[in-house]
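Written out below as structure tokens is the structure these notes cover.
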2 protein chains.
Amino acid sequence: MDLIKENPLDLLIRRIRAHHPLGVDDQKRILDLPYKIRTIEAQAYIMREGDRPDRCVMLLSGFAFRHKLTGDGSRQIVAIHIPGEAPDFQNLFLEESDHNVQMLTRGVVAEIARESLERLVLENPAVARAVLVFTLVESSIFREWVLNVGRRDARSRIAHLLCEFACRMNAQGLAPNGVYELPMTQEQLADASGLTPVHVNRVLQGLQRDGLMERDRRIIRFVDWEAMRDVADFNERYLHAREFEHGRNSIGLRSGGLAFVN
Amino acid sequence: MDLIKENPLDLLIRRIRAHHPLGVDDQKRILDLPYKIRTIEAQAYIMREGDRPDRCVMLLSGFAFRHKLTGDGSRQIVAIHIPGEAPDFQNLFLEESDHNVQMLTRGVVAEIARESLERLVLENPAVARAVLVFTLVESSIFREWVLNVGRRDARSRIAHLLCEFACRMNAQGLAPNGVYELPMTQEQLADASGLTPVHVNRVLQGLQRDGLMERDRRIIRFVDWEAMRDVADFNERYLHAREFEHGRNSIGLRSGGLAFVN
DNA sequence: CGTACGTTTGATCTTTCTCAATAATGGTGG
DNA sequence: CCACCATTATTGAGAAAGATCAAACGTACG
């Protein structure tokens, strides 16, 4: 399933329906949304702190990240977005962005103008509910990141990031057999975990040495999911995956494991 | 203005109207919400991780906090709530709470049942918008906390927490002249900043020694707001206070300073 | 084939943690 | 009102995780 080739609004509908039933007219109204497909280069900014959010972006391919800077210029990545993920509603109802959104890799996005999406949300309770839930799940992930960065040591922290990716990539069908590409430099990994690149490097080597995972460039391969989950102190509850199992045969998914667990 | 003595739904209406106009019938429907006033003891849990959120709580008096625990039992406080703040919508549309909510002090809350609030939100676009904005502002605060804990040193981190409180307390009229009570032990401060209590103690003494603030018990008094803001690397943008200036004479408020700045 | 960027390594330095003991404080029952 | 107990705050000394600095090594790509 290539997200770039399909109508991005179908993707949006699918995501909303995964959470909650959607009437035919609601679906029609979604399909009427005007949108624009754009290719964006790696490193390009989608939104900068202080900007007025005037559009909402859906990632059809490529990765993006959100970050903030301290006064002395150090950077904290506060979120990463993988292809196919729900659109960016973080700013849509605020007048001024409080952080930067930047592409991690080159990618293709669908842009929806703020006004039309805003109207859609406010006029369609089913859509409003879905947007609220998307936002709450993102909030939950932020909370887990505060915990991760505030209370876990470097090894757990990195392992946790990797586990979160594994789960989210898996949910998008992008991590067959526990193998996925994490297109981040070690410096970016450091900025996401509140560490230095040097230390990230040593931690990654440690995880590898202990047989928890393998790396080849940016390709991550989980060798021992259970052990990894253990050092990561990872519990997927905060991802609220069950909120998105509506109308799906959820047997197996509810078992708590990933598809690639041996 | 004593929040305990007034109708909590008026408080809710006021908060929503601060953000966006509200029709008379919307207001009526809000006033029809059934609610229950409860006194809660310090340390009592309002919600536990794993619970199904079945009610929404507004803080009329007293302080509360949200936290998560790692597997080995260390705690990270991810949010603090002060009296009069917007209700807790974090969990209202999710099936399972991903964190704990606990009272910091004894306090009085108004409880609104999930179903009635959910219906209100979904049937009234003006309310939906307000709830969305409340949620987005909380999200923004989480992001700032990730930055705070991930990229600032101990001194900045504590100073930043204190500045955030100063602003938020001030917005609720609870910090006259830059003096406010922060009813947290140093251990709780440590859990909010990802430090140890011992180190928090030393940092507080440092801030005091350098003439930035004074302490008497849990009473904080800002002596030099500008200097504090400086070491805190504090920029109130992320609090999105402007989102709540609707219909208010915002001259002075927009100037970026606090009421108690000398 | 050279340049730029990312990764890896080693050595040293700092911040913060840990452990442990002491001093305040607040609240409680008598 | 006082003595006592539990909590919280404070101090000191030593240990450790992670940061910093600097250099070398790879790799991709024009």
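The sequence lines fix the lettering, A, B, ..., with proteins before strands; numbering per chain opens at 1.
- Nucleotides of DNA chain C lying under 4.0 Å from heavy atoms of chain B occupy a range whose first and last members, 5' to 3', are dT16(C) to dG26(C).
- The pair Arg229(A)-Glu236(A) meets the salt-bridge criterion, with a side-chain N (NZ, NE, NH1 or NH2) lying under 4.0 Å from an Asp/Glu carboxylate O.
- The stretch residues 145-159 of chain A has no heavy atom under 4.0 angstrom from DNA chain C at all.
- Overall bending of the helix from dC1(C)-dG30(D) to dG30(C)-dC1(D), expressed as the angle between end axes built from five pairs apiece, is 50° (10° steps).
- The pair Asp88(A)-Arg66(A) meets the salt-bridge criterion, since a charged nitrogen lies less than 4.0 angstrom from a carboxylate oxygen.
- Side-chain contact of Ser140(A) with Asp98(B): a donor-acceptor pair under 3.5 Å is present, judged by distance alone.
- Between Phe165(B) and Tyr180(B), the ring planes lie tilted relative to each other; the angle falls in the 30° to 60° range.
- For Leu182(B) and dT8(D), the CG to C1' distance is 15 Å, given to the nearest whole Å.
- Near DNA chain C, meaning a heavy atom under 4.0 Å away, there are no residues from residues 62-77 of chain B.
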Give the table of side-chain donor-acceptor pairs shorter than 3.5 Å for residues 100-112 of chain B, with sequence neighbours excluded, one pair per line with atom names and distance.
unit_1	atom_1	unit_2	atom_2	d
Asn100(B)	OD1	Glu49(B)	N	3.0
Asn100(B)	ND2	His67(B)	O	3.3
Gln102(B)	NE2	Gln43(B)	O	2.8
Thr105(B)	OG1	Phe63(B)	N	2.9
Arg106(B)	NH2	Glu41(B)	OE2	3.0
Glu111(B)	OE2	Arg38(B)	NE	2.8
Glu111(B)	OE2	Arg38(B)	NH2	2.9

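- Between Phe134(B) and Phe89(B), the angle of the ring planes stays under 30°, which puts this pair in the parallel group of the 30/60° scheme.
- Considering OG of Ser97(A) and NZ of Lys68(A), their distance stands at 8.5 Å, rounded to 0.5 Å.
- The pair Arg143(B)-Glu138(A) does not count as a salt bridge, with every side-chain nitrogen at least 4.0 angstrom from each carboxylate oxygen.
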Taking N or O atoms only and anything under 3.5 Å, show me the protein contacts with nucleotides 20-23 of chain D, one pair per line.
unit_1	atom_1	unit_2	atom_2	d
dT20(D)	O4	Arg202(A)	NH2	3.4

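- Atom CD of Gln186(B) is separated from atom P of dA9(D) by 4 Å (rounded to the nearest Å).
- For the atom pair CG (Leu182(A)) and CZ (Arg218(A)), the distance works out to 8.5 Å, reported to the nearest 0.5 Å.
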